Amino acid sequence: MTMDKTFNAAEAEARIYEAWEEAGAFEAGANATPGAESFSIMIPPPNVTGSLHMGHAFNNTLQDILVRWHRMRGHDTLWQPGQDHAGIATQMVVERQLAEEGKRRTDFTREEFLKKVWAWKTRSGGTIINQLKRLGASCDWSRNAFTMSGAPGAPAHEDGNFHDAVIRVFVEMYDKGLIYRGKRLVNWDPHFETAISDLEVENVEVPGYMWHFKYPLAGGETYTYVERDAEGTVVLEEERDFISIATTRPETMLGDGAVAVSPEDERYAPLVGKLCEIPVGPKEHRRLIPIITDEYPDPGFGSGAVKITGAHDFNDYEVAKRSGIPMYRLMDTRACMRNDGAPYAEAAARAQAIAEGADFTIEEVDSLNLVPDHLRGLDRLEAREKVVAEVTADGLAMMTRADDPRLGKAAQQPSAPEEGGEAPGLDLVPLVEAKPLMQPFGDRSKVVIEPMLTDQWFVDTSQIVGPALEAVRSGEVTILPEQDAKVYFHWLENIEPWCISRQLWWGHQIPVWYDDEGNQFCATTEADAQAQAGNKTLTRDPDVLDTWFSSGLWPIGTLGWPEDTEELRRYFPTSVLITGFDIIFFWVARMMMMQYAIVGQKPFSHVYVHALVRDEKGKKMSKSLGNVLDPLDLIDEYGADAVRFTLTAMAAMGRDLKLSKDRIAGYRNFTTKLWNAARFAEMNEATHRPGAIPAPQATVNKWIIGETAKTRVAVDTALENFRFNDAANTLYSFVWGTVCDWYVEFSKPLLMDGDAATKIETQATMAWVIDQCLILLHPIMPFVTEELWGTLGDRQKMLVHADWPGYGEDLIDADADREMNWVIALIDQIRSARAQMHVPAGLHVPLLVTDLSAAGRAAYARNEAMIQRLARIRGLSDVRLFPKGCVTVAVEGGSFGLPLADIIDVDAEKARLEKTLAKLEKELRGLRGRLDNPRFVESAPADVVAETRENLALREEEETKLRAALQRLAGLA
RNA sequence: GGGUGAUUAGCUCAGUGGUAGAGCGCUUCGUUCACAUCGAAGAUGUCGGAGGUUCAAAUCCUUCAUCACCCACCA
């Protein structure tokens, strides 16, 4: 049979993958030798809403390499796949579909809605699995897991333990006091109307406004306001009856609890302890708030005085907690001004009493509705406009935004421009907006997040962070690259409570019930809760858990915990976690904390953190930029092997990966190269034969076996150290540079013209070498190697289960190594020499090189056929030093002298040789300088000194030859 | 503001103390005999700047410059 000239990836990949699956090749423990150590990897579960992007392709390629490598080594291997239910993302997909039908989530009951989500999950949730298969991922799909399996309402085929595990963990942690509910300031997403964690928001700077307002002092009191410049010179001195406040969020003024100034700020020192009036709301009910000191205000920024609105700002929240200032909540969960209909006047009066020293609880304060009637129910931004308009109308605005150039209006005078104050206009103001939960989920809600005082559930992370830190510090768990360990430490050392409740429907509902008095009953089932509560009527907490709470249990949950399963015993703790740096906090740190908290063991021994895949210009791939490379398109175009090899070869630790199609095309060519090497072997009957490693006689065959052994050692070392790019590059240069460029060429005279014994041993050697290439490449390029494996022989096992070799340095024949290096150098030299000459067509002229040593002549004799073929010479007579004047050219029936000047450009050749000589002399000076330095000879390692001496000798010999050649050349001119 | 990393050939990047590398691109040449998704030859570098440690520095230290990312953000 004749092989095609190229590998038909499109045709073969699906067929091969199917064959692997049919053979159960990926099942846990497949190809394991009895008693072998185990190797397990948990896939970072992609969102069910996800489709494969380059990040997944990269991440899963690296995992697949390790898994295939260990499986071939006979380890008891498991690659556990699964998907994450991805709370917000999934709910959003289904809500969007409903919106297309003109419906909303709230048009349905919770049960009805969840049924729709499950239906969607069943229909579309498997997309990414098929995409991972196209990549060649060798997961044990029979064990596919889902972070919501077994949840109430799940269809029958979604049974499983995950929900039970999650609920059980919650209850255990609740009982241990690791989980609590409390009223805290959290990030609120007004679009999805749910709390989100600090990690899920992104700080962005957008142009905005800074308003400066006057807060009048109580009772019309006045003081002398003095402002100095850096040298202490007074730049402004005036009587004032107000304190100036700068704010970007005027709508929160009604919730102010105090005005804070720095204790060092002399301008306001006389005011500390006094009261000032919030200049908004009905005049008869304006509240007076205290002026306090706190370290937080920066005297150099704004006016130096800050309004403290504890319920709507994180910094203010801290100040308020420190100073015991009430936090008045102004907005409801849609980020609209609160609209509960309570009388404003009473609330304002109560708030005033609190401000003046009355005792209060946070619930009391929170229950006050400090929003005046005309602002109630307004969107926060509408309310902002109205507040600004009112304050301005009262003449209490020191600056307005009327001069915003973007509004296209003529500049207007601010109502009361302040001498020496900041120029009115645009300031950069930090806002907060929602960011995608996980790459590549690009559809962020993009709304401005509102800090909101709400009741939420928290994990008291301070109690469980210890072991997670200690494990990495002690080396029990290693994080690579090291800089990511630093990031991990920094975050965990400063960890905040983890808000785990979300006001969504899709997720694990919190297993807590309340009676009418608000008492909590936490239990795994409603019946248990009811048993605790006696005959009280219970209502379940409607919130669900943060998706990361359940994915934090991924290592044990996928292995069947809380049951004591065989899988847990075999595969837990897992071996390696391979993940992107973007989820170190979200996921890696949480898994560490949770696994230690629940089962008291590490979740994994090694964490390998890889970088981001970017476009060829280094930009993040994003839909909006239109620079997304779809891995499936690339697989269609170049084949999965080429895509995988590209990602692997570029996976230098800790650096972003800039992907270009040129690079992929280059590695696609590599698969073709491999294919054709195999094709050559097949044409020459140099294909698989069972048995041991060949023990050939010919130098070249001995040599290639040693080269193969070097490669095997290098590949294993690279993979052991997660140096994926080293493994790929080693194999690339071995297969292309060593096997194809040299060994295959060397083999041709032996296979075609050699004696029978040499031919047979060369066939056997080549067959073995090609097999080794396939084995060693298989983890990176599984498809083309499996295909060739099947083509080149009748095998007992598929390549996916072939035995990984263990041979090493002992296969290296030092003599063969030396001799082949010499042969290669000679051929290079002859080829180079030929390129410098203008050989007249049809003539065969000697090639002008530097002279050969006696040892060289002997080595030449032993490898004559190969050298003659590759260097295209007829014999050593074709290789000589520049002769005097003429070269002798043999023609039919005699010979004649051809002037050297006719076939070489004497001047150019001279220049070239001189340049080479100059380089050589520079090197010689360096080498001699070192050896002449007694301190080098004393302090440098002996092998380095010996190597330097050896080098010097070689260079000196070269120099001699080069000078001789130059001399001859000079004789020509 | 704090942290981390980067700066090496025209481009994209490897290279953690011992003679500066790869891929792509470029120039010239070459298709009967595995592969034109190929082969051969060739050009291209004060390894960001400046100091220091060392027998020896792209590599370690200090410092400066520029860029990137992460965290926290001044109301």
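Every value quoted in this text rests on a predicted model; they were computed, and no experiment measured them.
For A/N669 and B/C38, the shortest distance from a side-chain N or O to OP1 or OP2 is below 4.0 Å. Within the 4.0 Å cut-off from OP1 or OP2 of B/G39, at least one side-chain nitrogen or oxygen of A/W736 is found. Within the 4.0 Å cut-off from OP1 or OP2 of B/U37, not a single side-chain nitrogen or oxygen of A/K673 is found. A/K922 has no side-chain polar atom (N or O) that falls below the 4.0 Å cut-off from OP1 or OP2 of B/U19.
Nucleic acid contact class of A/Q483 (heavy atoms, under 4.0 Å, all strands): sugar-phosphate only. If you check every strand for non-hydrogen atoms under 4.0 Å, A/N494 touches nothing. In this structure, A/G304 reaches the bases: a heavy-atom distance under 4.0 Å links it to at least one base atom across the strands shown. Residue contacts shown for A/N933 are limited to sugar-phosphate atoms, with no base heavy atom under 4.0 Å away. Across all strands, A/P297 comes closer than 4.0 Å to base atoms (heavy-atom distances). Counting non-hydrogen atoms under 4.0 angstrom, A/D313 reaches nothing in the nucleic acid. Heavy atoms of A/S832 sit under 4.0 angstrom from primed sugar atoms or phosphate atoms, though from no base atom.
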Under 3.5 Å, sequence neighbours excluded: what are the donor-acceptor pairs made by side chains of residues 932-940 of chain A?
from: A/N933; atom 1: OD1; to: A/R935; atom 2: N; distance (Å): 2.9
from: A/S939; atom 1: OG; to: A/R935; atom 2: O; distance (Å): 2.3

Indicate every side-chain donor-acceptor pair of residues 722-732 of chain A with a distance under 3.5 Å to a residue at least two apart or in another chain.
from: A/R723; atom 1: NE; to: A/D726; atom 2: OD2; distance (Å): 3.3
from: A/N729; atom 1: ND2; to: A/N725; atom 2: O; distance (Å): 3.1
from: A/T730; atom 1: OG1; to: A/D726; atom 2: O; distance (Å): 2.7

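Relative to the side chain of A/R831, the nucleotides B/A41, B/C55, B/C35 differ in distance, and B/A41 lies closest. Of the candidates B/A75, B/A41, B/A14, B/A41 carries the atom nearest the A/D828 side chain, counting heavy atoms from C-beta on. The A/K658 side chain lies nearest to B/U12 when the options are B/C70, B/U12, B/U37. For A/Y732, taking side-chain heavy atoms from C-beta onward, the closest of the listed nucleotides B/G18, B/A34, B/G23 is B/G23. If you check B/C55, B/U37, B/A34 against the side chain of A/R679, the one that comes closest is B/A34.
For the pair A/D198 CG and B/C71 C1', the computed distance is 11 Å after rounding to whole Å. Whole-Å rounding puts the A/K486 NZ to B/C70 P distance at 18 Å. Residue A/K919 contributes atom NZ, which lies 11 Å from atom C1' of B/U44 at whole-angstrom precision. As a whole-Å value, the separation of A/R869 CZ from B/G39 C1' is 13 Å.
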(message) Pairs counted only when both distances fall under 3.5 Å, Watson-Crick or G-U: show me the 5' to 3' dot-bracket for RNA chain B, [ ] for pseudoknotted crossings and | for other-strand partners.
(response) ((((((((.[[[[.)..(..]]]].(((((.......))))).....[[[[[..)....]]]]])))))))....
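B/U46 and B/G10 have their P atoms separated by 8 Å, with the value rounded to a whole Å. Rounded to whole Å, the P atom of B/C33 lies 14 Å from the corresponding atom of B/G39.
Under a 4.0 Å N-O distance rule, the pair A/E295/A/R322 does not qualify as a salt bridge. Ion pairing between a basic and an acidic side chain is recognised when a charged N comes within 4.0 Å of a carboxylate O; A/R955 and A/E923 show such pairing.
A/F213 is listed as a side-chain neighbour of A/M253, based on a closest heavy-atom distance under 4.5 Å.
Interface remark: the A/E745 side chain does form a donor-acceptor pair with the B/A34 base, using a distance-only criterion of under 3.5 Å.
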